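So you know, we letter chains A, B, ... as the sequences are listed, proteins then strands, and number each from 1. Because the structure is a prediction, the values reported are computed rather than measured.
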Amino acid sequence: MHFFSQSFHYDHSWAHVNVGLGFKYPNPYCTHVTTVDVLDRSIDPNTGIIRTEKVLGCKQKAPIWIVKILGGSEDAFVREVSFVDPKTQRTSIHSENLSLSQYITCIERIHYTPAPSNMAERTLFSQTAEIQTRMAIWRSVADKMESWMTERFGQNAELGREGFEGVLRNLWDRKDSPTMGSS
Amino acid sequence: MAHSLAAKCTPLKQSYDSCFNTWFETYLKPLPSTATQSEREEWTKGKTKEYEEKCGKVWEAYRDCVSKAVKDKGLEQMLDEARGENPLVDVGSVDEER
């Protein structure tokens, strides 16, 4: 099992970050995500929490040896379930790979909450991922595969951050500029 | 806006996404911290009704299209297995995993 985790801030309010998530793809930094579909969405009448289930399609650039062993195709699909709680201002997102999940699982958890340092204007992003091979294979091969996935995960996460910051700037700096100036 | 996994669903997806995004922005406006539970529930009820009125029709059309596409692409079984393993029906299930 390999782990990945990171956390950082976005200089936008929690509400702006959440609205921005709807515009996250496509962006030039995350070309590996090609399709996004909502499969299910509901609003809890008691808590107001919105639950959304999505399926994301990605072009994966796996090393040839992984493709050869697993017989994977170029398209990979991810299931994502998110919960947005407007009362506590907490967003929780779970993602897992659907493709090749009989061999390897990658579970990612993301939380967005108002940053304690500036609840109104900053958002804390925290992300963890667990990557684990499922099959009984030589440990050295399993280990190599997990560490490749973990490395890719780190690279994609960094691109995700850069891309999403650009999306948020485009969305809100433009919208806010008439009243608030460029911030 | 991103495409749908089936090209024929993309126009419906994009109409639905625009509808949802517009509504969602209004939904996230914070209520006063003094709001009582019943005031919150009343507000949620009103916003849910508004969402259904504004986006309900296009959502149904898009959902029909995409659920067929999920079958055509052979994703249904993988999704069912994932749902069986991690139903994720409430927010607690994402936090408990940690």
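- Residue A/D85 does not touch chain B at all, counting heavy-atom pairs closer than 4.5 Å.
- Ionic pairing of A/D11 and A/R122 is present here: one or more N-O contacts between side-chain nitrogen and carboxylate oxygen are shorter than 4.0 angstrom.
- Between chain A and the residues B/R63, B/E81, B/R40, the largest count of heavy-atom pairs under 4.5 Å involves B/R40.
- Looking only at heavy-atom pairs under 4.5 Å with chain A, the residue among B/E41, B/K73, B/K45 that has the most is B/E41.
- Within the 4.5 angstrom heavy-atom criterion, no atom of B/S67 approaches chain A.
- For the pair A/T105/A/M1, no side-chain contact is recorded, criterion being any heavy-atom separation below 4.5 Å from C-beta on.
- The minimum heavy-atom distance linking A/S92 with A/R90 is given by the pair OG-NE, 4.0 Å.
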**Report entry** Criterion side chain to side chain donor-acceptor pair (under 3.5 Å) on A/T52 and A/R41, from CA distance to verdict
**Finding:** CA-CA 4 Å; A/T52 304; A/R41 181 166 269 151; 3.0 Å; yes
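- In this structure, chain B has no heavy atom under 4.5 Å from any part of A/L56.
- Only the side chain of A/I43 comes within less than 4.5 Å of a heavy atom in chain B; its backbone stays farther off.
- For B/D72 and B/K68, the salt-bridge test fails: no basic side-chain N is under 4.0 Å from an acidic carboxylate O.
- The part of A/V55 that comes within reach of chain B is its side chain, from C-beta onward, which places non-hydrogen atoms under 4.5 angstrom from that chain.
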